[in-house]
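Computed from a prediction, not measured in an experiment: that's the story for all the values here.
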Amino acid sequence: MEEGSEVSIVSRLSLTSKVEFRFPHRYDEHADTLWSFYVSEADQHDKDITETWKVDMDSTLIFAGLFSATVTAFIVESSKQLKQDSGDVSNALLAQILAAQIALLSPEKSTLPSIANITFNFVPPTSAVVVNVLWFLSLSCSLSAALCATLVQQWVKDYMQRVQRHKKPLRRARVRAFLFNGTQKWRMNEVVQCIPALLHLSLFLFFAGLLVFLGPISPAVACTVGTVIICCLISYGLATLAPVIDLSSPYETVLSTTCWNLRHRVTSWYHQYDNHRKSSSQLTRARTQRALDSYFQDIYALLSALSWITDERELQQFSAGIPGFLESEEGRWTWGRALEWESSPLSHVEARIFTLLDSCSTVMESKSRQVRASACVGALFAMSRHQANPRKFLVVDLPLTPPKYSMRRSLSEYIGVAITGNDDTMSITKAICTMALLSRRTYHHAFLHLRLPDMKLIYELSSKADEALKEADLARKSLEDVLGFPSMVLDIGIETTTPTVAAVLETYLSKLLISSHDLHTWMKAMAPVFSDLGLSRGTSDRILSWYSNLPCIRRSVTYQNAEALVGTPQSFEFYAHEVLAFMRATSVYPSLSDTSHFIRIDNCLLPFTTMIDFTLEGRHLARELSPFCSALNSLNPDLSLLRSQGHEELAWKENIVANIGNRDYIGAEFPKEHLSYDPPIFMPRGPFSTLTYILDDIQNGCRVVPLLALFAEFKTYTAKVFDTSVILQTIDTVFPPGPETLTDGSQMLLVILLHEILIWNNPQSFPKVVIMQLAERLKDTLQSELSLTAAEQILGSTNPRSSESTSRDGTQQFATRVECVYNHIVQRTSL
């Protein structure tokens, strides 16, 4: 309970309650809870204020006792100047007697001196009177202060005894309220504050008397002491005015309150027509008000608390308070401003918390580990939300730092331990969501340095690359149809040199050359983008790392002696078939029949025998190249013709650049054991167009890609139960609700995300409320015909013919079609 608020209540009651009311009945026993609460708060308030008074009075008594003894010693000496000294009178009488004897013995007659004039004409010096007046006043003030201090101690003791003698809450509350009202009415607090003023006055009176006392005796000593006293007075004056000038000043005297009240009256009169908030008329409350109104103090306190952390226990306690701190708008503002400070210790707190999370090993006791891990994960999740969308959290200039790979590794290790250790669902979900938010930070930071070509050009190249894969697949199929593949492969002895095979083979190689060229163009254009996104540094991003496994251009398979077959001195690359084999191995494209059979028939793969391995991708590549190898074996070209052209050996068998064992991307070093060959998301328009959607979303706000990363993480760890509230907080962080303009790429990714969630065969299924939230986002953001058509084809619609009728007669409204898609999602979710 604040003292100021209670004093204000007492003041109002004193003004309005002129009549004492008596209740006709007593409160029942159920009211004791409220009265007990008042009694406990009042006891704490009384304890605080009485302890303060007691300490002040104890120091006052000690100082008054010592000072009174000092003043008394000086008064004993100075009081002698107020009366005639008996020694001086004796000396004067002796002098008179001697003068009389001399006069009697002298032959000349003279008048004898008068003794009465010496005895009764004494007047004390003015300086002695002034000194004694000042010092006796000083002693009186000091003793009065001691007496008042003793009385205050007695009053405080009586006050506490009168309140605490009652045990029942109602009686005690009434007695305490009555007595406290009396202390306010009789201004006991002001009286207590005036007691030290008596001591200060006593000291200044003593100083003044000391200067007057030393003046006649020794001017030099008086000047020296006066200099010290003047310095003391100046210091006292500065200490008095310091809180009036600056409320944060630690210096204060008993006169500071008076000076503050005077200033408050002046400023209140000057600003009486202003509407701004005025300061309090009480110095203590004004200081509290100023401290509470200043956010600078919050920043200082936050950084100080962090700098005082020396061990893991303190860091764990600090981490446990971060989520609640960042929940409020003021907390987020303070956190952001503290991060902006130069060399702020807050910039390293995330790394320290990750280190603390690493200490949550299985060696720790289970409960202690769970408590520490929960504090760490909660803090990391809150901080990741804060940094994922700085504009939403009022910090526009928040520095974005890319997360390190070790951070994701720490979270992955914790999730594995937490799932097996049956940790709480909320902590596991927060860890998974934090990994997705870290991915968003990676994208945001990479976008600042992203060498991204024009999006129209990327869309065009991606569309050509997807078409190139289809053309290469059709070319292989055409070659198989002419050869009667695969039955012909099983009979290597058949020699077919018909012009039909040669013509089809020439067409096949020509189409393959165009397809490989389009894929080369796409890969070369995207190489700088992948480098800027950090994929060449071994990131474990689950969305983009899949593309890093694409076959390397510099190590692609090349057939360099095609002149003997097609009559033109050029080389043909089989890069399109390498990419197709990768797509089939990762289930992007359907697998061909008898994939496992062709790896065992080396004779039909003579030109490519050295490059085929027993991996899944190697078997798919062998199946892709089998028709071409069968055609070569069936043609059986004339060796003499080859030698006449300068070839000593079968160059078309030896000049094969074959190295698919290392699936590096543009020479980047990727640890394959950290990467998954499975595609993370559905690719309805082709893998290269899907990547373009991803880049488009990253470039324009990065709304959907983090949600895709989140879903990929959930599929990876397959947690038994998801905490819905944490997932919704993550969605609101990266994709706030409400109408928003999204690019075509972002809209397509949102359609893909909902499709992935709806077809996921998780026993617990994804929370339905999350699916509905995403469906609401889709409903608010679907704006392009391309995205809407894709949504109707992929997600379905309650009116399947809506898109057809629209394209035919244009009568179907766009909004109605969007509503149909949304309703279909609702129906699928409710099943």
Side-chain angles (χ1 to χ4, degrees), residues 1-14 38-69 138-166 172-204 236 239-240 242-244 247 249-261 264 280-289 291:
M1 181 189 301
E2 295 185 3
E3 179 186 356
S5 59
E6 188 174 10
V7 172
S8 177
I9 295 173
V10 171
S11 304
R12 284 187 235 169
L13 288 177
S14 300
Y38 169 78
V39 168
S40 62
E41 292 292 322
D43 286 347
Q44 183 62 39
H45 173 267
D46 291 342
K47 180 180 178 182
D48 294 338
I49 193 171
T50 54
E51 285 293 329
T52 302
W53 288 348
K54 184 176 182 301
V55 171
D56 290 344
M57 295 305 100
D58 287 342
S59 60
T60 299
L61 285 173
I62 295 174
F63 182 82
L66 296 176
F67 183 71
S68 298
S138 176
L139 180 61
S140 301
C141 292
S142 178
L143 295 176
S144 299
L147 175 62
C148 292
T150 304
L151 291 175
V152 168
Q153 288 184 335
Q154 183 62 39
W155 295 337
V156 169
K157 181 180 178 181
D158 294 341
Y159 172 83
M160 297 300 294
Q161 287 179 349
R162 290 165 186 163
V163 172
Q164 296 177 355
R165 70 175 59 178
H166 303 282
R172 187 165 180 173
R174 285 181 172 178
V175 171
R176 191 267 172 187
F178 177 77
L179 294 178
F180 183 80
N181 187 18
T183 62
Q184 299 301 314
K185 184 188 300 183
W186 291 88
R187 299 185 179 276
M188 183 175 179
N189 190 43
E190 287 77 359
V191 171
V192 173
Q193 292 180 355
C194 290
I195 294 176
L198 289 175
L199 287 179
H200 297 176
L201 177 61
S202 176
L203 182 63
F204 293 143
Y236 188 87
T240 301
V244 180
L247 287 173
S249 171
Y251 311 114
E252 182 181 356
T253 67
V254 293
L255 298 179
S256 298
T257 302
T258 303
C259 295
W260 174 261
N261 293 336
H264 176 73
S280 174
S281 59
Q282 296 184 8
L283 181 59
T284 302
R285 294 182 63 186
R287 277 177 166 168
T288 304
Q289 177 181 317

Start with the C-alpha gap between R176 and V39, add the side-chain angles, then the distance that decides, and say whether side-chain contact (heavy atoms from CB on, under 4.5 Å) holds.
CA-CA 8 Å; R176 191 267 172 187; V39 168; over 6 Å; no
Please determine whether side-chain contact (heavy atoms from CB on, under 4.5 Å) holds for the pair L151 and L147, giving the CA-CA distance in whole Å, both sets of side-chain angles, and the decisive distance to 0.1 Å.
CA-CA 6 Å; L151 291 175; L147 175 62; 4.3 Å; yes
Criterion side-chain contact (heavy atoms from CB on, under 4.5 Å) on W186 and V191, from CA distance to verdict:
CA-CA 9 Å; W186 291 88; V191 171; over 6 Å; no
Residues S142, L199; criterion side-chain contact (heavy atoms from CB on, under 4.5 Å); working and verdict:
CA-CA 5 Å; S142 178; L199 287 179; 4.1 Å; yes
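The side chain to side chain contact (heavy atoms under 4.5 Å, CB included) test applied to V244 returns C259, W260, R263, not counting sequence neighbours. For Q154, the side-chain hydrogen bond (donor to acceptor under 3.5 Å, both in side chains) partners at least two apart in sequence or on another chain are D158.
Residues L139 and S68 meet the side-chain proximity criterion, which asks for heavy atoms closer than 4.5 Å. Using a 4.5 Å cut-off on side-chain heavy atoms (C-beta onward), L61 and Q153 make contact. By the 4.5 Å heavy-atom criterion applied to side chains, R172 and D43 are counted as neighbours. With contacts defined as side-chain heavy-atom distances shorter than 4.5 Å, the pair I62/S59 does not qualify. Within the 4.5 Å cutoff, the side chain of V175 has no heavy atoms near those of the R165 side chain. No side-chain heavy atom of V156 sits less than 4.5 Å from a side-chain heavy atom of K54. The shortest side-chain heavy-atom distance between Y159 and M188 does not fall under the 4.5 Å cut-off. Residues N189 and T183 have side chains not in contact (no heavy-atom distance under 4.5 Å, counting atoms from C-beta outward).
I195 CD1 to E190 CD: the interatomic distance, rounded to the nearest 0.5 Å, is 12.0 Å.
Across all non-hydrogen atoms, the minimal contact from P196 to V254 is CB-CG1, 3.9 Å.
The closest donor-acceptor contact from the side chain of N181 to the backbone of A177 lies at 3.5 Å or more, if one exists at all.
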